[in-house]
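As a basis for the values below, the full set of heavy atoms in this structure was taken, side chains included, without hydrogen atoms, waters or symmetry mates. Counting begins at 1 with the first residue of the sequence.
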Amino acid sequence: MMTKKERIAIQRSMAEEALGKLKAIRQLCGAEDSSDSSDMQEVEIWTNRIKELEDWLWGESPIA
């Protein structure tokens with residue numbers, strides 16, 4: 001049986017992996033778009049949402 005500490009460690013590891021994938025997607029969106037300012041707004045939106053999720057994960061979520 002897995003201990004609570006082991007379960008949280010696995011969940012934190014999976015959260016880090018998910019954040020990495022989201023950051024990679026953000027990079028692909030930025031590379032896909034031209035340097036038009038409206039396209040850069042989409043990358044900024046991605047960045048802000050990822051940061052919001054990161055702040056929640058490591059500050060307020062059950063695995064914080």
Side-chain angles (χ1 to χ4, degrees):
M1 186 169 156
M2 190 180 307
T3 67
K4 181 178 180 180
K5 186 176 181 177
E6 290 169 328
R7 187 177 67 253
I8 288 173
I10 290 170
Q11 290 170 337
R12 289 177 64 91
S13 174
M14 292 172 70
E16 286 285 1
E17 182 180 356
L19 286 168
K21 288 179 180 183
L22 287 171
K23 290 176 183 180
I25 291 168
R26 177 192 60 203
Q27 293 300 322
L28 290 173
C29 288
E32 190 175 273
D33 295 334
S34 68
S35 61
D36 182 28
S37 63
S38 65
D39 292 336
M40 293 311 291
Q41 287 176 347
E42 290 182 22
V43 174
E44 188 174 326
I45 290 169
W46 269 97
T47 300
N48 292 339
R49 293 295 184 178
I50 292 169
K51 177 73 173 120
E52 188 178 320
L53 176 60
E54 243 177 332
D55 290 346
W56 177 81
L57 275 170
W58 308 133
E60 300 174 38
S61 78
I63 64 172

Which atoms form the tightest heavy-atom contact between [X] and [Y], and what is the distance?
X	Y	result
Ala15	Leu57	CB-CD1, 4.0 Å
Arg12	Ile63	NH1-O, 2.6 Å
Glu54	Lys23	OE2-NZ, 3.2 Å

Could you tell me the separation between the [atom1] atom of [X] and the [atom2] atom of [Y], rounded to the nearest 0.5 Å?
X	Y	atom1	atom2	answer
Thr47	Gln27	OG1	CD	7.5 Å
Asn48	Gln41	CG	CD	11.0 Å
Leu19	Lys51	CG	NZ	10.5 Å

Salt bridge Arg49-Glu52, side-chain N to carboxylate O under 4.0 Å: yes
Linking I/L/V/M/F/W/Y whenever any side-chain heavy atoms sit under 4.5 Å apart, do Trp56 and Leu22 land together? yes
Kindly work out whether a path of hydrophobic side-chain contacts (I/L/V/M/F/W/Y, heavy atoms less than 4.5 Å apart) joins Leu53 to Ile25. yes
Checking side-chain contact (heavy atoms from CB on, under 4.5 Å) for the pair Trp58/Glu16: CA distance, chi angles, key distance, verdict? CA-CA 10 Å; Trp58 308 133; Glu16 286 285 1; 3.4 Å; yes
